[in-house]
Amino acid sequence: MTQTTKTQNIPTNATGNAATPETILHVIYGSRTGNSKSAAQLAYDYARHLGIASEIHDMNAMNPAVITDMKNILIAVSTHGEGDPPAVAENFYNYMHSDKAKIPGEVKFSVLALGDSSYKDFCKTGHDFRNRLLQLGAKEISPLVECDIDYEENAMLWVRQSVEAFEAVLPKTITQSKKEFAFEINRVDAEDSNIFYAKVKEIKPLTNPDFPKRTLHLVLSMEKFGSDFQPGDSFGIYVHNSRLLVDKLLKHLKFDGSTTVETARGPRLLKEALVEEYEITLITPLMVKKYSELSQNGNLKTLISDKQLLDKYCETSDVLDLVSDFPGDINPQQLVDLLRRLNPRLYSVANSPDMFPGEAHFTVGLIEYQQKGRHHTGVCSTYLSDRIDEGDSVPVFLEKNEKFRIPEDDAKPVIMIATSTGIAPFRGFLQQRQSNGAIGENWLIFGDRHSKSDFLYREELENFLQSGILTRLDTAFSRDQDSKIYVRHRMKQRQKELFRWIDKKEATVYICGNKRTMGQSVKEALEEIVVSEGNLTIRQAKEYIQRMKDEKRLQMDLY
């Protein structure tokens with residue numbers, strides 16, 4: 001059972017004076033991985049250490065209407081993907097942004113916004129809460145603070161500033177602690193306590209070796225996993241960086257890999273820390289800005305001043321590119337302090353456990369490209385393709401995704417729109433529908449580069465089509481003809497039937513693929529179809545699509 005408050009009874013001070021709604025500080029968190037919860041816990045503990053009566057609430061478990069009774073509020077919340085609230089915060093978020101949300105006069109608040117700066121709107125949910133509270137008439141007592149993946153320092157800054165701002169205006173209604181306060185984040189990584197070492201049963205290519213783009217099918221044994229999972233869920237895979245890439249980085253910087261540096265795990269050798277702990281194949285705009293301050297390279301100012309140019313540079317560059325393109329005088333400790341934590345990579349489950357018991361399947365697209373005379377690779381995809389073999393074990397953890405589920409009603413029709421490895425969950429959906437004996441229609445629109453190489457799971461899909469599990473299959477292979485044809489073009493070509501499924505049959509629409517290459521274009525195409533076929537204005541179409549989201553008839557998994 002989730003505990004929503006730490007305060008079981010009405011707090012009183014040494015003279016017996018009861019705390020009132022005007023004197024209680026409410027700490028509210030919405031946490032997917034545990035980071036927001038850790039920050040909220042520190043704020044709660046610090047407030048009580050200072051003598052402030054406090055309560056802590058989980059957005060996932062609390063009744064959002066109780067905010068009506070709160071006068072003093074701290075919110076710590078993460079952002080999922082492209083600016084969406086995490087699933088655990090959805091109900092609270094939707095309530096706060098509805099006409100039902102009301103707050104009493106003279107409410108004071110502060111917000112901690114957590115996210116991942118590799119996404120464009122990486123702290124949007126926190127900003128949304130701030131803006132909504134201001135709109136409702138609340139007063140911000142301490143500024144919003146943003147946090148990236150390595151969140152501890154900024155989170156502790158926010159806790160200190162926001163709690164002490166409330167200390168200045170709230171009376172002490174509980175006994176202050178005389179002990180020294182341990183001002184530290186007790187990091188809670190949800191996945192760390194659930195690591196499972198899965199044996200590799202199979203790795204095989206899905207693509208033609210005569211074509212440059214490589215995609216793999218990976219099967220892991222989950223015989224003793226002990227938890228249920230289903231299509232739509234993902235597994236995180238823990239990886240290490242390539243030692244060859246680390247050696248190149250050390251050589252370029254003229255650093256000795258045996259140098260000792262301080263890391264989150266304590267003192268470590270520089271080379272081992274770079275291999276095991278830090279992100280070196282990915283850079284973000286925030287990181288580039290921090291590096292600019294360290295390196296004092298004047299050429300970086302031009303890059304940073306142009307947001308579009310900076311975003312494009314970060315999409316295709318790694319740490320070795322950054323220090324090569326913009327040399328600067330930094331030392332080993334400054335380097336590791338600059339880098340982000342190396343996070344596990346998430347892959348969608350590509351099978352139904354009912355069809356393949358004791359197994360988890362994944363569709364792995366290899367990230368490989370040439371740039372500036374150097375071969376660039378993704379940290380996890382090439383780890384799976386080049387550094388492990390069948391029989392090896394890899395550490396994984398389950399991340400459930402309740403926001404991406406096939407309808408509970410097997411009679412409901414579904415439309416699945418995917419590009420490249422975005423096909424993975426839909427392979428699982430179709431297997432699950434077959435296992436369930438579902439009578440609902442299934443329409444798949446799939447796109448990639450070349451039909452001869454990139455028609456992933458072609459034989460299986462054609463068998464689904466022949467057996468009637470798959471009602472319709474439309475494909476778009478962009479490079480099979482002179483003029484490129486993408487998924488959005490197929491959607492527009494089939495727009496009358498597509499809208500009939502959505503509007504008349506009340507089909508659920510699923511979109512899965514790369515957020516940069518297809519996510520926005522597919523969403524725009526859907527809106528254009530609703531405008532055209534529904535004879536609606538753009539505003540009405542946006543409201544129509546929002547209703548689909550509210551009814552869970554439009555679900556997206558963009559990576």
Side-chain angles (χ1 to χ4, degrees), residues 191 194-207 214-238 344-366 380-381 383-385 388-402 404-408 410 414 416 418 420-440 442 444 446 454-471 473 510 512 555 557 559:
E191 65 267 18
N194 297 301
I195 296 175
F196 176 75
Y197 286 84
K199 185 170 288 188
V200 178
K201 291 186 70 171
E202 183 181 18
I203 308 176
K204 68 177 183 181
L206 291 174
T207 45
R214 293 195 290 163
T215 305
L216 305 175
H217 180 70
L218 171 68
V219 179
L220 298 181
S221 172
M222 309 302 291
E223 290 289 349
K224 298 179 181 179
F225 180 58
S227 296
D228 293 331
F229 61 91
Q230 56 186 298
D233 290 335
S234 297
F235 275 86
I237 300 179
Y238 288 91
R345 275 21 182 193
L346 291 173
Y347 289 91
S348 297
V349 173
N351 69 297
S352 161
D354 290 345
M355 295 284 284
F356 293 92
E359 293 183 357
H361 297 191
F362 305 96
T363 312
V364 181
L366 272 67
C380 190
S381 60
Y383 162 77
L384 295 173
S385 66
I388 64 168
D389 297 307
E390 293 179 5
D392 290 345
S393 293
V394 295
V396 302
F397 68 92
L398 173 64
E399 179 159 300
K400 289 186 173 292
N401 186 359
E402 301 297 340
F404 208 70
R405 291 281 188 258
I406 56 174
E408 292 182 6
D410 288 333
V414 302
M416 299 163 284
S420 190
T421 56
I423 190 69
F426 300 147
R427 178 179 183 259
F429 280 12
L430 290 168
Q431 290 178 4
Q432 192 64 54
R433 297 275 271 186
Q434 183 179 41
S435 176
N436 292 349
I439 60 173
N442 303 292
L444 173 64
F446 171 68
D454 305 313
F455 198 159
L456 307 179
Y457 304 111
R458 179 174 187 164
E459 186 176 340
E460 291 181 46
L461 294 176
E462 290 177 342
N463 287 339
F464 279 133
L465 194 62
Q466 188 173 6
S467 67
I469 299 298
L470 190 55
T471 312
L473 173 61
Y510 300 88
C512 187
Q555 301 182 30
D557 187 9
Y559 47 85

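As a basis for the values below, the full set of heavy atoms in this structure was taken, side chains included, without hydrogen atoms, waters or symmetry mates.
Side-chain atoms of E202 never come within 3.5 Å of backbone atoms of H217 as a donor-acceptor pair (strictly under, hydrogens ignored). For the pair Q431 (side chain) and S352 (backbone), a donor-acceptor distance under 3.5 Å is present. Panel note: side chain Y510, backbone A418; no donor-acceptor pair is recorded below 3.5 Å.
Between atom CD1 of residue I423 and atom CG of residue L461 there is a gap of 5.0 Å, rounded to the nearest 0.5 Å. In this structure, CG on D392 lies 11.0 Å from CG on L220, to the nearest 0.5 angstrom. A distance of 10.0 Å separates CG in L346 from CG in L398, rounded to the nearest 0.5 Å. Note that the OH atom of Y457 and the NE2 atom of H361 stand 8.5 Å from one another [nearest 0.5 Å]. Atoms CZ and CG, from R214 and D454 in turn, are 13.0 Å apart once rounded to the nearest 0.5 Å. Interatomic distance, E402 CD to Q230 CD, rounded to the nearest 0.5 Å: 6.5 Å.
Considering every non-hydrogen atom in both P353 and N351, the closest pair reads CD-O, 3.6 Å. The two residues V200 and D389 make their nearest non-hydrogen contact at CB-O, 3.8 Å. Of all non-hydrogen atoms in S435 and D354, the two that sit nearest each other are OG-CB, 3.4 Å. Counting all heavy atoms, side chain and backbone alike, R345 lies closest to C380 at CG-CB, 3.5 Å. When all heavy atoms are compared, the tightest approach of L366 to S385 is CD2-OG, 3.4 Å. Of all the heavy atoms in V396 and M222, the pair that sits closest is CG2-CE, 4.5 Å.
For Y347, the ring pair (Phe, Tyr, Trp, His ring centres under 6.0 Å) test picks out no residue, with sequence neighbours left out. K400 meets the salt bridge (Lys or Arg N to Asp or Glu O under 4.0 Å) test with D233; sequence neighbours excluded. Listed by chain and number, the residues in a salt bridge (Lys or Arg N to Asp or Glu O under 4.0 Å) with E460 are R427 (sequence neighbours excluded).
In this structure, the side chains of L206 and L216 stay at 4.5 Å or more apart for every pair of heavy atoms. Residues F426 and F446 form no side-chain contact, since every pair of their non-hydrogen atoms from C-beta on lies 4.5 Å or further apart. Two residues are said to be in side-chain contact when any heavy atoms from C-beta on lie closer than 4.5 Å; E223 and K199 fail this criterion. Here the side chains of F429 and V414 are not in contact, with every heavy-atom distance at 4.5 Å or above. Contact check for P231 versus I406: no side-chain heavy atoms found under the 4.5 Å cut-off. Side-chain atoms of C512 and F404, non-hydrogen and from C-beta on, do get closer than 4.5 Å to each other. Side chains of L465 and L444 form no contact here, defined as non-hydrogen atoms less than 4.5 Å apart. Contact check for P425 versus Q432: no side-chain heavy atoms found under the 4.5 Å cut-off.
For the side-chain contact (heavy atoms from CB on, under 4.5 Å) with F464, the qualifying choice from L470, L473, N442 is L470, the only one to do so. Just one of F225, F196, F397 meets the ring-ring contact (aromatic ring centres under 6.0 Å, His included) condition when paired with F235; it is F225. Tested against S348 for a side-chain contact (heavy atoms from CB on, under 4.5 Å), the candidates T421, D557, N401, T363 yield a single pass: D557.
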